[in-house]
Amino acid sequence: MGFTMGLNLLLLMAMVATNILSLYHLSSTIQTPKSAAPQPVPDHLLHQLHTIRATINHLTRHHPSPPATTKAAKPTIPSDLLLYSQLSPIASSCHNHPELLHKYMTYTPFSLCPLDSDLAESLILRGCHPLPRRRCFTKTPPKSTSSLPQNPFPSSLPDANVLWTKYSCKSFSCLNRQNLNLGFDPPHEVVNFMTYKSELDLPIPQLFQIAKAANSVLRLGVDIGGGTGSFAARMKLYNVTIVTTTMNLGIPNNEAVALRGLVPIHAPLQQRLPVFDGVVDLVRCGHAVNRWIPVTALEFLLFDADRVLRGGGYLWLDHFFSKEADLDKVFGPLFGKLGYRKVKWATASKNDSGGLKNGEVYLSALLQKPVSK
């Protein structure tokens with residue numbers, strides 16, 4: 001209550017000061033003879049007026065007046081949200097979801113953070129990223145293992161290193177029983193990216209042969225939407241460092257990537273890659289990148305991949321799927337905007353139930369960025 005009254009008092013003082021300055025300027029203008037040219041407003045008065053108006057705008061933006069028809073008092077804005085707004089800008093999309101943002105920032109400072117990872121991802125997926133920082137302690141598993149496997153394909157992932165209260169399953173074995181293809185069974189994942197089953201596949205040994213033939217080196221890369229990090233795990237055995245962008249969406253993808261000794265980046269597809277310009281050799285786009293992404297958002301994603309790729313680096317579209325007509329009319333020309341050399345371009349029908357119903361096809365493409373770009 002005291003915080004609200006203080007803001008209202010400050011607003012009142014700012015409005016009174018603005019009115020006084022306006023009356024001062026008006027009286028100066030009235031006293032000026034009609035034949036004389038109007039006197040300019042002194043710079044220091046203009047500066048003060050602009051400062052007061054900016055203060056009013058800032059305060060009303062973070063503490064808007066309730067509508068005249070609303071009788072019930074609105075909840076007080078969390079003080080940490082106001083503080084963070086002064087210290088660091090919040091992504092503009094955060095302001096489009098005030099209820100979620102208010103709920104995320106309502107917590108007790110200097111104590112344990114709420115178990116609200118689902119709420120955090122709801123904000124992230126709506127474009128509120130990066131999230132505002134909070135002053136609370138993240139809860140960790142009470143009995144985590146003292147050592148972790150060095151092999152990125154261990155016999156199993158340790159359950160004790162995950163805080164399972166956030167998930168419907170309470171173990172990795174439960175997740176494997178639900179769907180073995182989720183990526184939580186490393187022995188099952190070890191053959192991925194190594195075998196050639198159809199024209200759509202690009203085994204990693206073949207990828208290295210292509211790079212060697214082009215006198216190109218593979219050292220660093222980004223796997224966009226990489227799930228549990230199986231591609232990064234396989235590339236690690238070739239001494240290639242791959243960071244994996246992944247979302248949890250109800251399953252511990254980020255935890256699984258980290259347990260394999262890899263780096264997960266908790267970022268959505270629409271987020272600008274937190275990588276400097278022209279420093280990676282490979283960007284792979286997996287199943288998360290497909291026709292469900294709005295075309296404009298996909299275009300920005302592709303050009304952000306171009307930004308982080310060095311000249312001569314590779315963009316790998318791995319099993320991108322879309323309607324067959326859209327591949328010819330929309331997505332093919334979209335990929336062509338990059339002006340990359342087509343090293344591999346293979347298409348095939350998507351034969352699962354969704355693919356057959358929607359007339360979808362897969363595209364696997366390896367595109368090389370020109371050195372001159």
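Heavy atoms only, all atoms of each residue included: Cys128 and Ser93 are closest at N-CB, 4.0 Å. Here the closest heavy-atom approach between residue Leu182 and residue Leu175 is recorded as CD1-O, 3.8 Å. Closest approach of Leu327 to Pro333, counting heavy atoms only: O-CD, 4.1 Å. Ser364 approaches His319 most closely through the heavy-atom pair OG-N, 3.2 Å. Residues Pro186 and Phe153 come closest through the heavy atom pair O-CD2, 3.5 Å.
By the criterion of side-chain heavy atoms lying less than 4.5 angstrom apart, applied directly or through intervening Ile, Leu, Val, Met, Phe, Trp or Tyr residues, Ile224 is not grouped with Phe321; the two fall into different hydrophobic clusters. Linking ILVMFWY residues whenever their side-chain heavy atoms come closer than 4.5 Å, directly or via other members, leaves Tyr196 and Leu200 in distinct clusters. Leu237 is not connected to Leu282 by any chain of hydrophobic side-chain contacts under 4.5 Å among Ile, Leu, Val, Met, Phe, Trp and Tyr, and they are in different clusters. Under a hydrophobic clustering in which Ile, Leu, Val, Met, Phe, Trp and Tyr are joined whenever their side-chain heavy atoms come within less than 4.5 Å, directly or via other members, Leu218 and Val280 fall into different clusters. When the side chains of ILVMFWY residues are joined at heavy-atom separations under 4.5 Å, either directly or via intervening members, Ile242 and Val190 end up in two distinct hydrophobic clusters.
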Pair Gln271-Asp304, side-chain hydrogen bond (donor to acceptor under 3.5 Å, both in side chains): steps then yes or no:
CA-CA 9 Å; Gln271 166 67 24; Asp304 198 36; over 6 Å; no
With salt bridge (Lys or Arg N to Asp or Glu O under 4.0 Å) as the test, would you mind laying out the steps for Glu199 and Lys344 before giving the verdict?
CA-CA 10 Å; Glu199 187 65 24; Lys344 177 184 179 70; 3.7 Å; yes
Carefully, step by step, assess Asp306 and Lys369 under the rule salt bridge (Lys or Arg N to Asp or Glu O under 4.0 Å).
CA-CA 8 Å; Asp306 174 82; Lys369 180 177 179 176; 3.7 Å; yes
Going through the distances and angles, do Asp116 and Arg134 end up as a salt bridge (Lys or Arg N to Asp or Glu O under 4.0 Å)?
CA-CA 13 Å; Asp116 55 3; Arg134 301 191 295 188; 2.9 Å; yes
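The number of heavy atoms from other shown groups lying within 6.0 Å of CD (Glu121) is above 12. For Phe300, the CZ atom is loosely surrounded, since the number of other residues' heavy atoms within 6.0 Å does not exceed 12. The 12-atom threshold is not exceeded at NZ of Lys212, counting heavy atoms of other residues, nucleotides or ligands nearer than 6.0 Å.
Within the 4.5 Å cutoff, no side-chain heavy atoms of Tyr107 are placed close to those of Pro78. The closest side-chain heavy-atom distance from His188 to Asn181 is below 4.5 Å. Side chains of Val279 and Leu220 form no contact here, defined as non-hydrogen atoms less than 4.5 Å apart. Side-chain contact check for Phe172 versus Thr228: every heavy-atom pair is 4.5 Å or farther apart. Side-chain contact between Glu189 and Asp185 is absent, with no heavy atoms from C-beta onward closer than 4.5 Å. The closest side-chain heavy-atom distance from Ser230 to Arg234 is not below 4.5 Å. For the pair Met247/Asn253, no side-chain contact is recorded, criterion being any heavy-atom separation below 4.5 Å from C-beta on. With contacts defined as side-chain heavy-atom distances shorter than 4.5 Å, the pair His266/Ile124 qualifies.
Within the model, atoms CG of Leu317 and CZ of Phe331 stand 11.5 Å from one another, a figure rounded to the nearest 0.5 Å. For the atom pair CZ of Phe320 and OG of Ser322, the computed distance is 5.0 Å after rounding to the nearest 0.5 Å.
By the 30° and 60° cut-offs, the orientation of the rings of Phe193 relative to Phe231 is perpendicular.
Looking only at atom types and distance, the side chain of Thr244 has no donor-acceptor partner in the side chain of Asp223 under 3.5 Å away. For the 3.5 Å distance criterion, the side chains of Ser216 and Arg310 qualify, holding a donor opposite an acceptor.
Residues in residues 92-114 take part in no salt bridge (Lys or Arg N to Asp or Glu O under 4.0 Å) pair, two or more places apart or across chains.
Side chain of Ser144 to main chain of Ala160: no donor-acceptor pair is present (N/O by atom type, distance under 3.5 Å, no hydrogens or angles). Not a single donor-acceptor pair under 3.5 Å links the side chain of Asp326 to the backbone N or O of Lys323. Side-chain N or O atoms of Arg260 include none that pairs as donor or acceptor with a backbone N or O of Ala232 at under 3.5 Å. At distances below 3.5 Å, at least one donor-acceptor pair connects side-chain atoms of Asn290 with backbone N or O atoms of Trp292. Between the Asn248 side chain and the Asn254 main chain, a donor and an acceptor come within less than 3.5 Å of each other. Judged by distance alone, the side chain of Asp328 and the main-chain N or O of Ala325 form no donor-acceptor pair under 3.5 Å. In this structure, Gln270 contributes its side chain and Leu125 its backbone to a donor-acceptor pair below 3.5 Å.
Checked against disulfide (SG to SG under 2.5 Å), Cys285 has no partners two or more places apart in sequence or in another chain. Looking at residues two or more places apart in sequence or on another chain, you find no side-chain hydrogen bond (donor to acceptor under 3.5 Å, both in side chains) involving Thr246.
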